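In this text, all values refer to a predicted model and were calculated from it rather than measured experimentally. Just the heavy atoms: all of them, side chains too, but no hydrogens, waters or symmetry mates, feed the values below.
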Amino acid sequence: MNRRLFTSLVLPLMGAMVLSGLVHLWWPADGFFLNLAAGFVGSLVTVGYIDWVLRRHESERWREADSRINTRLSKLASSTITGIRTSFDFGTEIFDRLAMASGDPEVMRKEVLRVATHVLSPSAGAKVKSLNQAQWKSFAAHLHQASIECGVILDRFGHRLEPKTISTVLDLQQNLEAAQIFYRTFPDIVGVPTDSLPNTNTPPEELQSAWCEIAANDIRKVLELSVTLSTSANAA
């Protein structure tokens, strides 16, 4: 039962029921207010039952479509993590061999999430600093494409997503875009070797280091949100 229905219909009925019961205790009136309270109870039961039937019918009608939407969300999460893994120059050796050889999609998905949390996220700071200009260009392109996919999902399927899922996708998109700011703002500094940095008012090494750490923090958040999105999509 949604909050609007609960506050606009159920709460008033409950209030009227309680009030009728209290009035009956003070003024029996041949059972009039007791019968009135019983009527409100019947209305509450009817409203609850109808709401349950409608929700069940809607759930059955959308079951196949919702399943495919959740698959799309899970793929977005996995592809985002994979793009970061390859950009960080990690191969498949970081995965548990038995898990990836199991052939079980769920086991393999959980292994990808484990790697995102326990391998990619802790190494984000060092890996971002080690990227050269060509690698940053490829990395930024992946982040941009993942951000676009977030927007596509929201545009096409937002009406079927839970508010919490929408918030997760929006936060993911925001952090994907934030992780690109360094590349978009300072293309003459990002990925440039220390001895080739241009002169700046702020010492260029400090500027580059500070922005790398900012980008790494955004990447850690992207990984965290991708794990959350994949987990919620597969739990639905």
#### Entry: Main-chain N/O of G83 paired to T86 side chain as donor or acceptor, under 3.5 Å
yes

### Task
Would you check if the side chain of S167 reaches a backbone N or O of P163 as a donor-acceptor pair within less than 3.5 Å?
yes

### Task
Could you tell me whether E149 and K75 have a side-chain N and a carboxylate O separated by less than 4.0 Å?
no

### Task
Find out whether M108 and E111 are in side-chain contact, i.e. whether some heavy atom of one side chain is under 4.5 Å from a heavy atom of the other.
no

### Query
Given the rule that I, L, V, M, F, W and Y join up when any side-chain heavy atoms are under 4.5 Å apart, are F186 and I181 in one cluster?
yes

### Message
If you count heavy atoms of other groups shown closer than 6.0 angstrom to CD of E162, is the number above 12?
### Response
no

### Message
Please say yes or no: joined through hydrophobic side-chain contacts below 4.5 Å, possibly via intermediate residues, are M100 and I84 part of one cluster?
### Response
yes

## Note on the structure
Rounding to 0.5 Å, atoms CD1 (I153) and CG (L73) come to a distance of 5.0 Å

### Query
Quick one: does S123's side chain have a donor or acceptor within less than 3.5 Å of a partner on L120's backbone?
yes

### Task
Determine, step by step, whether L225 and T80 satisfy the side-chain contact (heavy atoms from CB on, under 4.5 Å) criterion, reporting the C-alpha distance in whole Å, the side-chain angles of both residues, the deciding distance to 0.1 Å, and the verdict.
CA-CA 10 Å; L225 290 165; T80 300; over 6 Å; no

### Task
May I ask you to check whether R109 and S230 show a side-chain donor-acceptor distance below 3.5 Å?
yes

### For A179 against L143, the heavy-atom pair lying closest together
CB-CD1, 3.8 Å

### Query
Would you say the side chain of V190 lies within less than 4.5 Å of the side chain of T185, judging by non-hydrogen atoms?
no

### Query
Would you say the side-chain atoms of S138 pair up with the backbone N or O of Q135, donor to acceptor, closer than 3.5 Å?
no

### Task
With rounding to the nearest 0.5 Å, note down the distance linking CG in D171 to CD in E224.
10.0 Å

### Pairs involving residues 87-101, ordered by first then second residue, that meet salt bridge (Lys or Arg N to Asp or Glu O under 4.0 Å) (sequence neighbours left out)
none

### Query
Tell me, which pairs form a ring pair (Phe, Tyr, Trp, His ring centres under 6.0 Å) where one or both residues lie in residues 71-108, sequence neighbours left out?
F88-F139

### Query
So, the side chain of S130 versus the backbone of K127: is there a donor-acceptor pair under 3.5 Å, distance only?
yes

### Sidechain-backbone polar pair: R68 side chain, E64 backbone, donor-acceptor under 3.5 Å
yes

### Task
Verify the cluster assignment for L76 and V152: are they in a single hydrophobic cluster under the rule of side-chain heavy atoms below 4.5 Å apart?
no

### Residue pair D66 / R160: nearest heavy atoms and the distance that separates them
OD2-NH2, 2.7 Å

### Task
Find the distance between CG (L154) and CG (L161) and round it off to the nearest 0.5 Å.
7.0 Å

#### Entry: Shortest non-hydrogen contact from P203 toward T200
C-OG1, 3.9 Å

#### Entry: Backbone of N70 reached by a side-chain donor or acceptor of S74 within 3.5 Å
no

### Query
Step by step, would you call L176 with C150 a side-chain contact (heavy atoms from CB on, under 4.5 Å)?
CA-CA 10 Å; L176 283 164; C150 287; 4.0 Å; yes

### Query
Side-chain donor-acceptor pair under 3.5 Å between E177 and S147, yes or no?
yes

Distance-only donor-acceptor hits, side chain of residues 206-219, under 3.5 Å, sequence neighbours excluded:
from : atom 1 : to   : atom 2 : distance (Å)
Q208 : NE2    : I189 : O      : 2.9
Q208 : NE2    : V192 : O      : 2.9
E213 : OE2    : R220 : NH1    : 3.3
N217 : OD1    : R220 : NH1    : 2.5
N217 : ND2    : E213 : O      : 3.4

### Message
Would the distance check show the side chain of S121 and the main-chain N or O of T117 forming a donor-acceptor pair, the cut-off being under 3.5 Å?
### Response
no

### Query
Which atoms form the tightest heavy-atom contact between S87 and L131, and what is the distance?
O-CD2, 3.4 Å

#### Entry: S102 side chain to A99 backbone, donor-acceptor under 3.5 Å
yes

#### Entry: side-chain contact (heavy atoms from CB on, under 4.5 Å) assessment of R156 paired with R72
CA-CA 11 Å; R156 293 182 181 177; R72 182 81 173 259; 3.7 Å; yes

### Query
Are any non-hydrogen side-chain atoms of I81 and V115 less than 4.5 angstrom apart?
no

### Message
Under the criterion side-chain contact (heavy atoms from CB on, under 4.5 Å), I'd like the reasoning laid out for V222 against S226: C-alpha separation, chi angles, the key distance, then a yes or no.
### Response
CA-CA 6 Å; V222 166; S226 296; 4.1 Å; yes

### Message
Working to the nearest 0.5 angstrom, can you tell me the gap between R114 CZ and H118 NE2?
### Response
7.0 Å

### Query
Around H142, counting heavy atoms of other residues, nucleotides and ligands shown, do more than 12 lie under 6.0 Å from its NE2?
yes

